[in-house]
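Notes for the one structure printed next.
Everything numeric in this text was worked out from a predicted model, so none of it was measured. Numbers here simply count residues along the sequence, with the first being 1. When reading the values below, keep in mind they use all heavy atoms of this one structure, side chains included, and skip hydrogens, waters and symmetry mates.
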Amino acid sequence: MEFPACYDEYEKLVFRLNTPRVVIDNGASSTATIVKVDSARKHGILLEAVQVLTDLNLSIKKAYFSADGKWFMDVFHVTDQSGNKLTDENVIRYIEQSLGNIHYGRSYSYDGLTALELTGTDRVGLLSEVFAVLADLQCNVVEAKVWTHNGRIASLIYVKDRHSGSPIEDSKHINRIEAQLRNVLKGDNDIKSASTSVSLSVTHSERRLHQMMFADRDYEKKPILQLTSDSSPSVTVQNWVDRGYSVVSVQCKDRTKLLFDVVCTLTDMEYVVFHGTIKTAADTASMEFYIKHSDGTPISPEAERQRVILCLQAAVERRASKGVRLELCTADRVGLLADVTRTFRENGLNVTRAEISTTMDTVLNIFYVTDAVGNQADPRLIEEVRQKIGLSNLRVKELPPLYHQKAESDDEEAVGVAGAFLLSIGSLVRRNLYYLGLVRSCS
């Protein structure tokens, strides 16, 4: 490594000590790429490392991390979304460079855009009202992320002025945007908790959504629909008195960015992770973390223990896919989001999560939708909505497990009665053919 001529030997030593050592190994495992990071320990550095990997949509199949004095070691077994080892040299080089700089923090810039933060009570059609207000106020939505949980909604929306293409900086215009959005969020019964603001921070967007929902205390709210025991995350907190650690265990269904969501919550609650492991098998993930407060003490009051459990359950559930995943791929135009979400509302579809992105003049919008009360939407209704928006533009990309479980249940109930059995088989075949025609790739 070459250093600038102005560096003395002490500055070179400090740089070497603070620069993480990154090793990416494709030979040690037959099923995953192993990423090793050794670095000086500081609060939040584990989250920064996990964030680098999950921002690339990599799956973390196994991991362990441990602090030894002032040093921290992370080992991650990762694959791409198809379950393959990493072979793209550009991706590997990016990981090496990004992890090599995590000790200095990362910047998250949305140059040329104005960031709006919204929280409030969720309801059917709320998103369509928000986008309609922004369209009326001459705001173009370029990026957005929307999460809902326990009847609450949090969203980060990045906009620019429709006419100038510049960020919105006029204070009067900003005040008007905030006031009108606040009125929409308040509705008829959310006078106190509805909140809108223009964000000047450069926090990672998904971390910021967790912070917003945590501040909104969504973890204390009663869920609109109770999750089944199979899908609800299991969280336990016990103290290892001899070593002064609190041991946090999480078991739940595995999914992309799960480790990020859990570590993000522990970090923002000001807990320090000293050791931990994550293992996945089939579609289940098991995680264990040895944590302390920043002052070195474990979790002590029972109320704090229960709060940690609720917060981690909420962190797992916020991003869990609820409903049918729809993808909108089409040319961008003024009022597109307002029109699409209005069509959802008029047909009784509720958006439980959304990701909006714009590249050049093309949009790729992802929506997870249920019916008005949170149940799975009728496939015929989904097809009607697709007809109205455009079959070639709005595609069904993912059906929730409930559809497949229902098909299996229907088949089992028909066993034993010949006529009913044949009828069930016929219905099942027709339904599967319908779904095969409905679920197509967006290319």
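- Rounded to the nearest 0.5 angstrom, Ser98 OG and Asp55 CG are separated by 9.0 Å.
- Rounded to the nearest 0.5 Å, atoms OG1 (Thr341) and CG (Leu349) are 11.5 Å apart.
- For Ser155 (side chain) and Val146 (main-chain N/O), no donor-acceptor pair under 3.5 Å exists by modelled atom type.
- Separating the OG1 atom in Thr119 from the CG atom in Asp216 is a distance of 5.0 Å, to the nearest 0.5 Å.
- The only member of Thr277, Leu258, Val248 that meets side chain to side chain contact (heavy atoms under 4.5 Å, CB included) when paired with Met287 is Leu258.
- One finds the CG atom of Leu209 at 10.0 Å from the NE2 atom of His204 (value rounded to the nearest 0.5 Å).
- When atom types are taken as modelled, the side chain of Ser164 and the backbone of Ser166 share a donor-acceptor pair closer than 3.5 angstrom.
- Glu317 places none of its side-chain heavy atoms less than 4.5 Å from the side chain of Trp147.
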#### Entry: Worked verdict on Asp332 versus Leu336 for side-chain contact (heavy atoms from CB on, under 4.5 Å)
CA-CA 7 Å; Asp332 194 16; Leu336 174 65; 4.2 Å; yes
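- Looking at Asp170 and Lys172, no side-chain N of the basic residue comes within less than 4.0 Å of a carboxylate O on the acidic one, giving no salt bridge.
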### Task
Could you walk me through whether Val324 and Phe367 pass side-chain contact (heavy atoms from CB on, under 4.5 Å), step by step?
CA-CA 8 Å; Val324 179; Phe367 303 97; over 6 Å; no
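- Formation of a donor-acceptor pair under 3.5 Å by the Arg386 side chain with backbone atoms of Leu394 is found in this model.
- Rounding to the nearest 0.5 Å places CZ of Arg319 at 9.0 Å from OG1 of Thr256.
- A donor-acceptor contact shorter than 3.5 Å links the side chain of Asn175 to the backbone of Ser171.
- Proximity of a side-chain donor or acceptor of Asn347 to a complementary backbone N or O of Thr343 within less than 3.5 Å is detected.
- Judged by distance alone, with hydrogens and angles left aside, the side-chain atoms of Thr196 form a donor-acceptor pair with the main-chain N or O of Glu178 at under 3.5 Å.
- With no hydrogens or angles considered, a side-chain donor-acceptor pair links His275 and Tyr245 at under 3.5 Å.
- With hydrogens and angles left out, the side-chain atoms of Asn239 and Ser246 include a donor and acceptor closer than 3.5 Å.
- With Glu117 as the partner, the salt bridge (Lys or Arg N to Asp or Glu O under 4.0 Å) test is satisfied by one option alone out of Arg208, Lys145, Arg182: Arg208.
- Considering all non-hydrogen atoms of both residues, Cys264 and Arg207 come closest at SG-CG, 3.5 Å.
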### Task
Could you walk me through whether Leu99 and Val35 pass side-chain contact (heavy atoms from CB on, under 4.5 Å), step by step?
CA-CA 10 Å; Leu99 290 176; Val35 179; 3.5 Å; yes
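- Salt-bridge check for Arg333 with Asp339: passed, with a basic side-chain N closer than 4.0 Å to an acidic carboxylate O.
- Residues Lys85 and Thr79 are not in side-chain contact: their nearest non-hydrogen atoms beyond the backbone lie 4.5 Å or more apart.
- Scanning all heavy atoms of the two residues, the minimum distance from Gly112 to Lys160 falls at O-CB, 3.9 Å.
- The nearest pair of heavy atoms linking Asp74 to Ala49 is OD2-CB, 3.9 Å.
- The closest donor-acceptor contact from the side chain of Thr114 to the backbone of Ile168 lies under 3.5 Å.
- Put simply, the side chain of Lys388 never gets that close to the backbone of Glu384: no donor and acceptor are under 3.5 Å apart.
- Side-chain N/O atoms of Asp261 and His210 include a donor and acceptor closer than 3.5 Å.
- Arg152 places no side-chain N or O within donor-acceptor distance of the main-chain N or O of Arg217, the cut-off being under 3.5 Å.
- Nearest approach of Leu86 to Thr33, heavy atoms of both residues: N-OG1, 2.8 Å.
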### Query
When you look at Asn57 and Gln81, which way does the side-chain hydrogen bond (donor to acceptor under 3.5 Å, both in side chains) test go after all the steps?
CA-CA 7 Å; Asn57 287 320; Gln81 286 294 291; 5.6 Å; no
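- Within a 6.0 Å sphere centred on NZ of Lys62, heavy atoms belonging to other residues, nucleotides or ligands number 12 at most.
- Shortest non-hydrogen contact noted between Leu58 and Ile95 is CD1-CD1, 3.9 Å.
- Between Thr148 and Arg353, the side chains place no donor N or O within less than 3.5 Å of an acceptor N or O (distance only, hydrogens not considered).
- Side chain to side chain, Glu96 and Tyr94 fail the donor-acceptor criterion of an N or O pair below 3.5 Å.
- Scanning both residues, Ala40 and Trp71, for their nearest heavy atoms gives N-CZ3, 3.5 Å.
- Qualifying side chain to side chain contact (heavy atoms under 4.5 Å, CB included) partners for Glu302, counting only residues two or more places apart in sequence or in other chains: Arg305, Gln306.
- In this structure, the side chains of Thr330 and Thr362 stay at 4.5 Å or more apart for every pair of heavy atoms.
- Lys292 forms a cation-pi arrangement with Phe274, by the criterion of a distance under 6.0 Å to the ring centre and an angle within 45° of the ring axis.
- Between Ile34 and Ile24 there is no side-chain heavy-atom pair separated by less than 4.5 Å.
- Taking 4.5 Å as the limit, some side-chain heavy atom of Phe344 sits within range of a side-chain heavy atom of Val351.
- Distance CE/Met213 to CD1/Ile153: 8.0 Å, rounded to 0.5 Å.
- Within a 6.0 Å sphere centred on CD of Glu220, other residues, nucleotides and ligands contribute more than 12 heavy atoms.
- Looking only at atom types and distance, the side chain of Thr297 has a donor-acceptor partner in the side chain of Asp295 under 3.5 Å away.
- In this view, His293 and Tyr271 satisfy the ring pair (Phe, Tyr, Trp, His ring centres under 6.0 Å) rule, not counting sequence neighbours.
- His43 has its side chain within reach of Thr267: a pair of non-hydrogen atoms, C-beta onward, lies under 4.5 Å apart.
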### Task
Starting from the C-alpha separation in whole Å, work towards a yes-or-no answer on side-chain contact (heavy atoms from CB on, under 4.5 Å) for Arg255 and Lys253.
CA-CA 7 Å; Arg255 60 166 173 77; Lys253 183 176 180 180; 5.9 Å; no
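- The shortest side-chain heavy-atom distance between Asp161 and Glu169 does not fall under the 4.5 Å cut-off.
- Thr352 meets the side-chain hydrogen bond (donor to acceptor under 3.5 Å, both in side chains) test with no other residue; sequence neighbours excluded.
- Asp218 is linked by a side-chain hydrogen bond (donor to acceptor under 3.5 Å, both in side chains) to His149, Arg318, counting only residues two or more places apart in sequence or in another chain.
- Residues passing the side-chain hydrogen bond (donor to acceptor under 3.5 Å, both in side chains) test with Glu129 are Arg123, sequence neighbours excluded.
- Within the 3.5 Å criterion, the main-chain N or O of Lys279 finds no donor-acceptor partner in the side chain of Ser286.
- Proximity of Leu46 to Val50: side-chain heavy atoms (C-beta onward) are separated by under 4.5 Å at one or more points.
- Sorted pairs that involve residues 307-335 and meet ring-ring contact (aromatic ring centres under 6.0 Å, His included), not counting sequence neighbours, are lacking altogether.
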